[in-house]
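Below: the structure, in structure tokens.
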Amino acid sequence: MAYPAAVDSSLPSLTQAPGVAALQRALLWLVGAGGAIVYIEPSPYEFATLAAMIVFFATGLRMRLAFVPLMLLLFLINLGYTVCAAYLMDKTPIVNWIMTSWYMAVTVIFFAMVFSQDTAARLELLRRGLIVGAVIASAAGIAGYFHLVPGEHDLLTLYGRARGTFKDPNVLSAFLILPALFVLQSIVTDRFGKAVRSAIALGIISLALLLAFSRAAWGQFVLTSALMLVLMFLTSPSTKQRSRLVTTAVIAAAAIALLLAILLSFDSIDSLFKERASFDQSYDEGRFGRFGRHILGFQMALDLPLGIGPLQFTRFFPEDTHNSYLNAFMSGGWISGICYPVLIFTTVILGFRYIFVRVPWQRAYLAIFAAFLGTVGESFIIDTDHWRHFWLMLGVMWGMFAASHQYTADARRAPVRQAPQ
């Protein structure tokens, strides 16, 4: 798919009064922090996002032609969901599911527009908010797991696993990946004082990740951290920075390994860790296990152009799809089933294209891209369709694409403007 950002290259930058810009950035901090508390619905994330939408649209927000493919694909995906759910609209859970899907699509467009302007400053406030939210959610999960909050163990844990301020340990751990990458970046690049504070935050987040006992999140954290550090090494402008990056990365890995060894000395943690780390899980195996359902589901999809509708998969199988790409086919038929992976993998391809573009927000870009890529991979084994942070990352990615293209176009024109007449 062609990327039409070039048509926006000559657009002037929008400017706001300092007070307005500060309010906008503060709301983005709230969006990041609010994303960590989703035990209740509507969550603080919804309220913060709605407030941000009102303020940003009232104070100036630009729609770019570069976002037309994004809008079209999101529209088609949700059109498929809506059409295939037409016969189910008398059921409240179905209506709520459809409305949530449309809402997520709207937030993607909104965040794309937001982060295509004032990109570095807005990313920094979102980053800080996400880290604060992650520490709060992690601390809640840790406190619940170790019975540090009297009477709240069942609220903060599920099946013996930390879930903190989330309904599900798997979603908690998935949310923590991007903030963990942000603080890891700080450890390997920032000055000593800030790096120490980030190390403390990473320790809290890593402990919560472990106690959530999500195999997918464990693997995602390891792989995305490695990918991000490799990309940072390749894009680092100096040998000194590369040396520091390697040294501190090794120290951080050793510290996490030491923390893991200490925790596994506790019998209760060790037994659940071994159980969760095993690939021999009953719900993964057999004809109707996780992967068996994937095969049977895709076979069904070939014969059902209109799918079976949202939340209907359990009528035919023991559990949900646990595969977002299969769920798109089942919930929205061939329209959604084709457009959903096209949207996701188009974003991935564009993401690789901008890795080596020198922009002021390159460091944040590498963390977000690595986390997004990890979630794309996790979507093959779990349903990520309504994960707020996934759609947030998708919108931010497209905003950074447009901003990076604009930045490089302006940089190419700058020497021409400065040339003697």
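Given the structure is predicted, the values throughout are model-derived calculations rather than measurements. The chain is numbered in sequence order, starting from 1.
Around the CZ atom of Phe356, the shell of radius 6.0 Å holds more than 12 heavy atoms that belong to other residues, nucleotides or ligands.
Side-chain contact annotation: Trp387 with Thr375, donor-acceptor N/O pair under 3.5 Å absent. Between the side chains of Thr384 and Ser379, at least one donor N or O sits under 3.5 Å from an acceptor N or O. Counted by atom type alone, Ser43 and Glu46 present one or more donor-acceptor pairs between their side chains at under 3.5 Å. No hydrogens or angles considered: a donor-acceptor pair under 3.5 Å links the side chains of Trp102 and Thr82. If you check the side chains of Gln220 and Arg215, you find no donor sitting under 3.5 Å from an acceptor. Side chain to side chain, Thr189 and Arg363 meet the donor-acceptor criterion of an N or O pair below 3.5 Å.
Interatomic distance, Asn323 CG to Phe380 CZ, rounded to the nearest 0.5 Å: 7.0 Å. To the nearest 0.5 Å, the span separating CG on Asp385 from OG1 on Thr321 amounts to 6.5 Å. The CG atom of Leu202 lies 10.0 Å from the CD1 atom of Ile131; values are rounded to the nearest 0.5 Å. Taking CD1 of Ile109 as the reference point, atom CE of Met71 lies at 5.5 Å (rounded to 0.5 Å). Distance check: His386 NE2 to Asn327 CG gives 8.0 Å after rounding to the nearest 0.5 Å.
With sequence neighbours excluded, the residues that form a side chain to side chain contact (heavy atoms under 4.5 Å, CB included) with Leu28 are Phe56, Val114, Phe115, Arg122. The side-chain hydrogen bond (donor to acceptor under 3.5 Å, both in side chains) check on Trp361 picks up Ser404, with sequence neighbours excluded. Residues satisfying the ring pair (Phe, Tyr, Trp, His ring centres under 6.0 Å) criterion with Phe111, sequence neighbours excluded, are absent altogether.
In this structure, Thr107 contributes its side chain and Met104 its backbone to a donor-acceptor pair below 3.5 Å.
In this structure the side chain of Leu123 reaches within 4.5 angstrom of the side chain of Ile368, judged on heavy atoms. Under the 4.5 Å side-chain criterion, counting only non-hydrogen atoms from C-beta, Ile344 is in contact with Phe390. Put simply, the side chain of Leu227 reaches to within 4.5 Å of the side chain of Leu373, judged on heavy atoms. Phe329 is not listed as a side-chain neighbour of Leu302, based on a closest heavy-atom distance of 4.5 Å or more.
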Acceptor/donor pairs from residues 173-182 side chains to any protein atom, 3.5 angstrom cut, sequence neighbours excluded:
residue: Ser173; atom: OG; partner: Pro169; partner atom: O; Å: 3.0
residue: Ser173; atom: OG; partner: Asn170; partner atom: O; Å: 3.0

Taking only distance into account, with no hydrogens and no angle test, what donor-acceptor pairs under 3.5 Å do side-chain atoms of residues 232-239 form with protein atoms, sequence neighbours excluded?
residue: Thr235; atom: OG1; partner: Leu231; partner atom: O; Å: 2.7
residue: Thr235; atom: OG1; partner: Met232; partner atom: O; Å: 3.4
residue: Ser236; atom: OG; partner: Ser238; partner atom: O; Å: 3.4
residue: Ser236; atom: OG; partner: Gln241; partner atom: OE1; Å: 3.4
residue: Ser238; atom: OG; partner: Gln241; partner atom: N; Å: 3.2

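For residues 116-157, every residue pair satisfying the ring-ring contact (aromatic ring centres under 6.0 Å, His included) rule, not counting sequence neighbours, is listed here: His147-His153.
A distance of 6.0 Å or more separates the ring centres of Phe369 and Tyr354.
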Review point. Passes ring-ring contact (aromatic ring centres under 6.0 Å, His included), Phe110 versus Phe67? Steps please.
Key: CA-CA 10 Å; Phe110 169 68; Phe67 301 145; over 10 Å; no
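In this structure, Arg197 does not pair ionically with Asp190, as no charged nitrogen and carboxylate oxygen lie closer than 4.0 Å.
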